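Both backbone and side-chain heavy atoms feed into the values below; hydrogens, waters and symmetry mates do not. Just so you know, these numbers come straight off a predicted model, no measurement behind them.
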Amino acid sequence: MEWPDDVLTLEEAARLQKDLRKQVVLEDRLPNTLHAVAGLDISHSRFSSRVFAIAVLLDYPSMQVLEEAWTEGEAQFPYISGFLAFRESPFVREALNKLSRRPDLLFVDGQGIAHPRGCGIASQVCVLEDLPGIGCAKSVLYGKHGEVGPEAGDRSPLRGKWDDEIRTLGYAVRTKPRAKPMILSPGHRVSPETSVRLVLDCTRGYRLPEPTRQAHEAANRIRREQESQTAGQMSLGLE
DNA sequence: GCGACAG
DNA sequence: ATCTTGTCGC
């Protein structure tokens, strides 16, 4: 697959990840009382590199949706495992910055520090935005974990290298009975343990925590709205 | 060299 | 991520 080489080479991207990783804070540095949290997600088109990014602001702890903001554009980077942030973060950050106010905590789709170079998309976004945040992934990218109990809330540590030693980078967590565990890891300014507590705190009976679930639904909805609108304009000879 | 491999 | 309905299992 090809992409504009005027953006970043993989070597430069990997270097940037290693630099950002040094700025990741794994201690809890977030407000004592949360007021609003945000979920970030992206929706792609079938055979197009068009991406739609959305940021949903939710009240804490009611998880009621307060606001949605979105943006769209052409992806400037292909999907390469380990480099997801270079494809999606520009859009996700733009959507985030369209919200009328700054959330107290971010829920990002993908890994936080559970990444080959310790800097998944959640860490990259949170460090660059200087906001506390958690990486909520649907599968493992880096690290190993044992069996997870069947009850909601059951967890198993995700272990992997960090500064040349094996440590707990995050947790595989059963957010819903019989559903595949979510893979959680700190993005920035939250510990692995607090990440689990906050995600369970923001989960409402579904596998995905509410901020992520709402962002995912909104992203799909908005992409379909925009695609059908674009199709209508084309049939009228516009665009 | 052989697997693993976020969205 | 996206394409997609019903259907098998807890």
Rounded to whole angstroms, how far apart are [atom1] on [X] and [atom2] on [N]?
{"X": "A:Phe86", "N": "C:dA1", "atom1": "CZ", "atom2": "C1'", "value": "19 Å"}
{"X": "A:Glu217", "N": "C:dA1", "atom1": "CD", "atom2": "P", "value": "13 Å"}
{"X": "A:Asp109", "N": "C:dT2", "atom1": "CG", "atom2": "P", "value": "10 Å"}
{"X": "A:Arg213", "N": "B:dG7", "atom1": "CZ", "atom2": "C1'", "value": "19 Å"}
{"X": "A:His44", "N": "B:dA6", "atom1": "NE2", "atom2": "P", "value": "13 Å"}
{"X": "A:Arg224", "N": "C:dC3", "atom1": "CZ", "atom2": "P", "value": "6 Å"}
{"X": "A:Tyr142", "N": "B:dG7", "atom1": "OH", "atom2": "P", "value": "18 Å"}
{"X": "A:Ile80", "N": "C:dA1", "atom1": "CD1", "atom2": "P", "value": "18 Å"}

Has [X] got a side-chain N or O lying under 4.0 Å from the OP1 or OP2 atom of [N]?
{"X": "A:His216", "N": "C:dA1", "answer": "yes"}
{"X": "A:Ser45", "N": "C:dT2", "answer": "no"}
{"X": "A:Arg223", "N": "C:dT2", "answer": "yes"}
{"X": "A:Asn220", "N": "C:dA1", "answer": "no"}
{"X": "A:Lys138", "N": "B:dG7", "answer": "yes"}
{"X": "A:Ser139", "N": "B:dC5", "answer": "no"}
{"X": "A:Ser43", "N": "C:dA1", "answer": "no"}

Worksheet item: Does C:dA1 have A:Tyr79 stacked on its base, where the ring centres are within less than 5.5 Å and the planes differ by under 30°?
Response: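 Stacking is absent between C:dA1 and A:Tyr79, given that the ring centres and planes do not meet under 5.5 Å and under 30°.
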
Discussion item. Can you tell me which nucleotide in C:dC10, B:dC5, B:dG7 comes closest to the side chain of A:Glu88?
Written reply: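 Ranking C:dC10, B:dC5, B:dG7 by closest atom to the A:Glu88 side chain puts B:dG7 first.
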
Have a look at [X] and say if it touches a base, only the backbone sugar-phosphate, or nothing, with a 4.0 Å heavy-atom cut-off.
{"X": "A:Gly135", "result": "nothing"}
{"X": "A:Val51", "result": "nothing"}
{"X": "A:Ile121", "result": "base"}
{"X": "A:Phe83", "result": "base"}

Check ion pair [X]-[Y] (N to O, under 4.0 angstrom):
{"X": "A:Lys161", "Y": "A:Asp164", "value": "no"}
{"X": "A:Arg102", "Y": "A:Glu129", "value": "yes"}
{"X": "A:Glu225", "Y": "A:Arg221", "value": "yes"}
{"X": "A:Arg21", "Y": "A:Asp163", "value": "yes"}
{"X": "A:Glu11", "Y": "A:Arg15", "value": "no"}
{"X": "A:Glu74", "Y": "A:Arg50", "value": "yes"}

